[in-house]
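Working notes, structure below.
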Amino acid sequence: MKKDAYDVIVVGAGNAAMSAALSAREQGARVLVLERAPRAKRGGNSSFTAGGFRFVFHGVEDIKKIVPDLTPEEIACTDFGDYTAEQYLDDLGRITQYHIDPDLAEILVRNSTPTVQWLREKGIRLVPNYGRQAFKHEGRFKFFGGFIIGAVGGGRGLIDGQFAAAEKLGIDIRYDAQATSLLRGSSGVDGVRVFAHGVEEEIRARAVVLACGGFEANREWRTKYLGPGWDMAKVRGTRYNTGDGIRMALDIGAQSYGQWSGCHSVSWERYANDFGDTDLTKSGQRNCYQFSIMINAEGQRFLDEGADFRNYTYAKYGRVVMQQPGGYAWQVFDAQGAPFLRDEYKLRGATKVQANTLEELADRMRDVHPANFVATVRDYNASIKRDVPFNPNVKDGRCTVGLAMPKSNWANPIEVPPFEAYSVGTGITFTFGGLKIDTTGHVLDTADTPLPGLYAAGELVGGLYYFNYPGSAGLMSGAVFGRISGREAATAALAK
Ligand SMILES: Cc1cc2nc3c(=O)[nH]c(=O)nc-3n(C[C@H](O)[C@H](O)[C@H](O)COP(=O)(O)OP(=O)(O)OC[C@H]3O[C@@H](n4cnc5c(N)ncnc54)[C@H](O)[C@@H]3O)c2cc1C
């Protein structure tokens, strides 16, 4: 390979990487994308997603700019609401217990709408996420929880669209190509060492963008940084995110940043495979817990299932499940809750039991204290403020009274047979700790000085999420910082 054959090398091929590549190419740079995975498994965690983006909008008029083919019927029966920049910043602050880097938060929020618009211009089609983000209640849909738009075809549709745009623009893509270290010359980072098809090689470029994910698929790092028990978590997405990009940058003096002991993790099918499957008919998703009660091995409730919309609680509840005896829990529904269960609960891989009495259900769960369980359900049923009407689209205030562990919203009794229970463990989505970047995507060293030629975006950036995460901020931040870092890397490379 000729020296400086490329202006910009992008390591990784998920949403952040492809946004960086498209943006760098837009500046006129010659771009190479290195994807560790084979072609059939390209796209990282981004390809496992629902393709949801959290961005600022004001009413249906803004939505129509992004989804021009909304039908008059859809408009008539939907309350899209607003999501202001102030709400977005408040959510990011509240959810992360105000640890989020304020400069990164500001960049994410202010660039969210133009970046979604930019993706659309690149050919990504977007639609409202009816069903998962808005229930039909009394004849109308009302979106809740801050995000409403997803890519057509979900994450796979998003990734295929980004690859199609990249190929059209002449971006080179190499599959089965694992970056292993960064190369440095007199003017800073000037290439990467790559292991591809059993052979090591060096590829030169004037700037490098790292966008190759966190370390959630690295069992050893999980245990080392997240703590004991995390070796047993199931990985919801790709097997290829083992922290390579973070390690490569730390090796040349980059600063570690963010919450290294934190991650996004959910309650997930207990006996799921070790890694995710983009075939959604095998999804381990169990996100309808707000219409359940969750109980542990001792037959006790241990979290507030209705504390907030699921977009604001699901990413921290995986850790809470792991902390239970044996690291598992059961989500229990009755016949009134069952209609809210999404398709993934009905798949063959779900660990499910069903019975006509609570005693029988306890017997079938086998690993839950039966007498405690029955008492927990009876106490819970007796504590519900039944005069408050149930409404799944708002925080309805239908809560329990007097329980040590409250349920704050959507507290429907578990009393109408048949009863169903689904067993869950912990599924890890992505890790929160990573590299420190500035607002141009430049990677900083331990003295907060930019490392020449090195940029980063996506999951491997630290400082955005702590303790928890607001649903669909991941793709949005990957696209925002990918677009910025690609542009900045290209500008710096072309100026060299
Ligand atoms: C099941 C699931 C559902 C989700 N749903 C949503 C959602 O709807 N909305 C949302 O915002 N977020 C969602 N997320 C989170 C979201 O996936 C991430 O926030 C986002 O995809 C991260 O993008 P990324 O580009 O940083 O990383 P990834 O998409 O994971 O891409 C990393 C890339 O780097 C490659 N790579 C790794 N190591 C190397 C190496 N050494 N050399 C070369 N390449 C390498 C990988 O193969 C991959 O292509 C979901 C996650 C999962 C698992």
Side-chain angles (χ1 to χ4, degrees), residues 9-21 32-39 41-55 112 129 132-133 147 149-151 154-156 158-159 162-163 173-182 192-196 208-218 234-248 264-266 268 272 275-278 280 282-285 287 311 314-315 344 427-432 434 456-461 464-465 469-482:
I9 290 175
V10 178
V11 180
N15 167 62
M18 297 312 290
S19 297
L32 171 67
V33 169
L34 295 173
E35 166 60 299
R36 180 178 171 185
R39 191 181 189 287
K41 295 189 173 172
R42 69 185 184 183
N45 276 349
S46 303
S47 66
F48 290 80
T49 68
F53 286 88
R54 176 177 290 261
F55 63 94
S112 62
N129 204 338
R132 283 188 197 273
Q133 297 299 323
F147 92 87
I149 293 294
R156 179 46 61 200
L158 168 69
I159 286 296
Q162 290 175 323
F163 272 86
I173 298 161
R174 285 187 58 184
Y175 298 101
D176 296 296
Q178 178 180 13
T180 55
S181 60
L182 292 164
V192 293
R193 186 166 287 113
V194 176
F195 187 70
V208 171
V209 180
L210 294 173
C212 47
F215 60 85
E216 61 277 357
N218 185 331
K234 307 289 185 177
V235 177
R236 296 178 62 206
T238 178
R239 64 171 64 237
Y240 298 103
N241 290 355
T242 51
D244 288 355
I246 298 174
R247 179 189 46 73
M248 285 157 54
H264 178 312
S265 67
V266 301
W268 187 248
F275 297 101
D277 200 313
T278 46
L280 289 180
K282 296 179 184 152
S283 170
Q285 205 115 274
N287 280 337
N311 297 343
Y314 77 124
E344 50 270 16
I428 183 168
T429 319
F430 64 91
T431 44
F432 290 163
E459 271 177 10
L460 53 58
V461 169
L464 276 163
Y465 311 116
Y469 155 97
S472 281
L475 288 177
M476 195 67 260
S477 60
V480 164
F481 289 103

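Counting starts at 1 for both ligands and their atoms, following the listed order. Nothing here was measured: the structure is a model prediction, and the numbers come from that model. Below, each value reflects all heavy atoms present in this structure, side chains not excepted, and no hydrogens, waters or symmetry copies.
Across every non-hydrogen atom of Arg42 and Arg156, the tightest pair is O-NH2, 3.2 Å.
Protein residues lining ligand 1, listed by chain and number: Val11, Gly12, Ala13, Gly14, Asn15, Ala16, Leu34, Glu35, Arg36, Gly43, Gly44, Asn45, Ser46, Phe48, Thr49, Ala50, Gly51, Gly52, Ala177, Gln178, Ala179, Ala211, Cys212, Gly213, Arg236, Gly237, Tyr240, Asn241, Asp244, Thr429, Phe430, Gly458, Glu459, Tyr469, Ser472, Ala473, Gly474, Leu475 [non-hydrogen atoms, distance under 4.0 Å].
Here Arg236 pairs with nothing under the salt bridge (charged side-chain N to carboxylate O under 4.0 Å, His left out) rule; sequence neighbours left out. Residues satisfying the side-chain hydrogen bond (donor to acceptor under 3.5 Å, both in side chains) criterion with Asn45, sequence neighbours excluded, are Glu216, Glu459. Applying the side-chain hydrogen bond (donor to acceptor under 3.5 Å, both in side chains) criterion to Ser477, with sequence neighbours excluded, gives Tyr465.
Within a 6.0 Å sphere centred on CZ of Arg247, other residues, nucleotides and ligands contribute more than 12 heavy atoms.
Between Tyr469 and Phe430, a ring centre-to-centre spacing shorter than 6.0 Å is recorded.
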